[in-house]
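Following: one structure in structure tokens, then a few remarks.
A, B, ... follow the sequence lines: proteins, then strands. Residue 1 opens every chain.
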Protein chains: 2
Amino acid sequence: MRTSGFKNTLLKALDGDVIERLRLQPVKFELKHEIENPGNPIDRLYFLEEGMASMTTTFKDGSQVEVGMFGYESVIGVSALMGTKKSLNRVYTQIAGHGYSCQVEDAKREFRLGGAFQFLALRYVQAQLVQAMQSAGCNAKHSFEQRLARWLLLCADRAHVDTFKISHEFLADMLGGRRPTISTTAGILKRKGLIEYTRGEIHILDVPGLTKASCECYLIIKDYLDNYTKFDSTITS
Amino acid sequence: MRTSGFKNTLLKALDGDVIERLRLQPVKFELKHEIENPGNPIDRLYFLEEGMASMTTTFKDGSQVEVGMFGYESVIGVSALMGTKKSLNRVYTQIAGHGYSCQVEDAKREFRLGGAFQFLALRYVQAQLVQAMQSAGCNAKHSFEQRLARWLLLCADRAHVDTFKISHEFLADMLGGRRPTISTTAGILKRKGLIEYTRGEIHILDVPGLTKASCECYLIIKDYLDNYTKFDSTITS
DNA sequence: CAATCTTTGTACGGTACCTGACATAACTCG
DNA sequence: CGAGTTATGTCAGGTACCGTACAAAGATTG
């Protein structure tokens with residue numbers, strides 16, 4: 001285990017003895033696997049290594065909106081460390097992948113020691129908070145084209161891929177819009193040569209171009225998710 | 001000090017010895033006082049007892065949107081406990097009031113003890129996260145009338161008042177809309193007999209009615225902010 | 001390979017909110 | 001009390017996105 005072939009940002013930053021105490025177990029995530037469901041007890045924490053999962057709020061009318069993304073930097077279930085016993089929101093896989101999991105009890109015990117694990121978990125919660133707050137502002141002020149571009153970029157970053165299977169229908173759900181709106185908006189990005197796609201598969205062609213088409217929110221969120229383990233990242237400076 | 005005449009939810013839940021270690025100092029907040037500014041170092045934590053403060057994200061074009069509200073339940077600056085040295089967002093008073101403050105160092109020392117203060121601070125961060133996530137969804141899906149009603153109710157709850165000085169201009173900034181849109185929307189609520197207002201002063205007349213005019217987001221956020229100190233609130237059950 | 005299902009393109013009337021402008025009313029200060 | 005300032009009402013043209021519907025094209029199944 002020791003000097004870690006981990007791809008997960010948080011696990012990679014931990015010493016071997018901490019890793020051992022967490023008693024990690026490898027897990028696979030198929031597509032659309034429900035990792036958390038609102039109201040269900042959280043009994044394991046998940047550290048993604050590959051793949052991507054979304055957290056969504058579901059409204060009474062059944063519609064949902066994405067409020068957070070999880071990739072190789074993630075710890076899913078941190079709220080269990082914050083005194084919440086039950087899951088707040090739905091979390092499910094958008095891109096199949098794998099990672100590690102541990103028991104909440106082991107994580108809590110390690111958290112209470114007040115060492116690196118606590119520090120990193122708290123920093124990650126902070127990053128999640130930034131993500132949610134920036135999204136709140138973004139959803140209020142920015143256009144669909146900007147938000148779609150932002151989503152595609154973040155997704156690609158989180159999962160370390162530039163091609164992924166996702167339908168317009170799902171994108172509409174994530175962004176809180178309608179499917180036809182996504183189709184036209186995606187069409188615009190396609191005509192601009194920034195992406196290409198066919199039936200459920202999207203391929204990103206031009207990252208700088210997409211970044212320009214998106215809003216400042218992309219880089220702000222990316223920065224926090226990429227750098228939360230570093231003490232003197234651009235975040236803190 | 002002991003059995004606490006505190007109105008602040010978190011302070012009220014702490015034992016006298018913890019309170020003493022925090023070395024609180026009373027503070028007054030005039031209107032539009034800037035408590036935190038993005039990039040500035042956080043050197044004190046603030047516990048509001050009366051009044052209300054908003055946290056906003058500011059975009060490059062100068063516009064801003066509210067991403068969180070602080071009232072008698074609040075701890076402003078918790079992110080300093082999470083390993084962030086500098087403030088993430090602007091926080092400033094919307095309704096003048098007062099409260100207590102303590103040095104970040106004292107709060108950090110207390111936090112590290114892993115007792116009640118840590119537990120409550122983490123629970124509060126959790127509540128803030130819920131607030132931000134719910135706002136993200138709400139801003140994407142709900143109408144201006146719903147969101148205005150939600151804002152007015154939350155504001156009244158946080159500050160324990162049913163009348164407050166706020167202009168349409170400011171409301172527009174908070175909700176991420178335009179002033180004329182607020183004017184017409186507020187006019188609708190007024191004609192429905194839910195609120196009344198004159199030049200910068202809003203008075204809430206009918207809370208149940210406003211609740212109906214708002215979206216589910218109001219009660220969800222209110223529930224978390226009201227109950228985060230209780231272990232078995234509706235949140236966790 | 002026909003039948004079905006899923007995904008995408010597209011169109012069209014409707015609505016919510018924007019943008020900017022102008023008018024009015026209330027408060028403030030000289 | 002008159003002049004300036006601030007807050008609100010309102011309007012009109014424009015745009016972004018909704019809501020719904022339907023057609024077409026790729027994928028899947030029997």
Side-chain angles (χ1 to χ4, degrees), chain A residues 31-32 59 61-66 94 136-152 163-192 194-203 213-215, chain B residues 31-32 59 61-66 94-95 137-152 163-192 194-203 213-215:
Chain A
L31 197 59
K32 307 296 169 198
F59 293 117
D61 67 357
S63 66
Q64 52 173 345
V65 181
E66 187 184 65
Q94 297 280 12
C138 186
N139 290 350
K141 302 230 66 159
H142 298 144
S143 74
F144 252 83
E145 188 180 338
Q146 291 177 303
R147 288 164 54 206
L148 177 56
R150 180 193 67 156
W151 195 92
L152 295 172
T163 305
F164 36 87
K165 282 195 77 69
I166 240 157
S167 71
H168 293 184
E169 185 81 43
F170 258 96
L171 280 172
D173 251 20
M174 293 303 103
L175 299 180
R178 299 276 141 178
R179 202 271 310 158
T181 309
I182 295 294
S183 291
T184 31
T185 311
I188 294 171
L189 297 180
K190 185 190 223 170
R191 248 169 279 123
K192 287 187 180 170
L194 305 175
I195 60 172
E196 60 182 12
Y197 58 92
T198 49
R199 285 184 70 76
E201 188 150 299
I202 299 187
H203 179 60
S214 97
C215 44
Chain B
L31 197 59
K32 306 296 170 200
F59 294 117
D61 67 357
S63 66
Q64 51 173 347
V65 181
E66 187 184 66
Q94 297 280 10
I95 298 181
C138 187
N139 291 349
K141 302 229 66 159
H142 298 143
S143 76
F144 252 82
E145 188 180 339
Q146 291 177 304
R147 287 164 54 204
L148 177 56
R150 180 194 68 156
W151 194 93
L152 295 171
T163 305
F164 36 88
K165 281 196 78 71
I166 238 155
S167 71
H168 292 183
E169 186 80 45
F170 258 96
L171 280 171
D173 252 20
M174 293 303 103
L175 299 179
R178 299 277 143 178
R179 203 270 310 158
T181 310
I182 296 294
S183 292
T184 30
T185 311
I188 294 172
L189 297 179
K190 184 189 222 170
R191 249 168 281 123
K192 287 186 180 172
L194 305 176
I195 61 173
E196 61 183 12
Y197 59 91
T198 50
R199 284 184 70 77
E201 187 150 299
I202 300 187
H203 179 60
S214 98
C215 44

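Nearest heavy-atom pair, A:Y197 versus A:K190, reported as atom, atom and distance to 0.1 Å: O-NZ, 3.5 Å. Between A:L189 and A:A213, the shortest heavy-atom distance links the atoms CD2-CB, 4.3 Å. When all heavy atoms of A:R147 and B:A140 are compared, the pair lying nearest together is NH2-CB, 4.1 Å. For the pair B:K141 and A:F59, the tightest heavy-atom approach, listed with the atom from each and the gap, is CG-CE1, 3.8 Å.
As a whole-Å value, the separation of A:L175 CG from D:dA16 P is 17 Å. The CD1-P distance, from A:I182 to D:dC17, rounds to 10 Å in whole Å. Per the geometry, CD belonging to A:E169 stands 9 Å off P belonging to C:dT8, to the nearest Å. Atom C1' of nucleotide D:dG9 and atom CD1 of B:I188 are separated by 13 Å, given to the nearest angstrom. B:K141 places its NZ atom 17 Å from the C1' atom of C:dC17, with the value rounded to the nearest Å. In this structure, CD1 of B:I202 is placed 12 Å from C1' of D:dT8, rounded to the nearest angstrom. Computed from coordinates, the B:L148 CG to C:dA16 C1' distance equals 15 Å when rounded to whole Å. Rounded to whole Å, the distance from CZ on B:F144 to C1' on C:dC18 is 10 Å.
Looking only at side-chain heavy atoms (C-beta outward), A:T185 and A:L171 stay at 4.5 Å or farther from each other. Within the 4.5 Å cutoff, the side chain of B:T184 has no heavy atoms near those of the B:I188 side chain. Under the 4.5 Å side-chain criterion, counting only non-hydrogen atoms from C-beta, A:W151 is in contact with A:I166.
Put simply, B:R178 has a side-chain N or O that comes within less than 4.0 Å of OP1 or OP2 on C:dT19.
For the residue pair A:K165 / A:Q94, no side-chain donor-acceptor distance below 3.5 Å is found, with atom types taken as modelled.
Distance CZ/B:F164 to CD/B:E201: 10.0 Å, rounded to 0.5 Å.
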Pull out every protein N or O sitting under 3.5 Å from an N or O of nucleotides 24-29 of chain D, one pair per line with the distance.
none

Tabulated below should be each protein N or O lying under 3.5 Å from an N or O of nucleotides 9-13 of chain C; please produce it.
| unit_1 | atom_1 | unit_2 | atom_2 | d |
| --- | --- | --- | --- | --- |
| C:dG9 | OP1 | A:Y197 | OH | 3.4 |
| C:dG9 | OP2 | A:Y197 | OH | 3.4 |
| C:dG9 | N7 | A:R179 | NH1 | 3.1 |
| C:dG9 | O6 | A:R179 | NH2 | 2.8 |

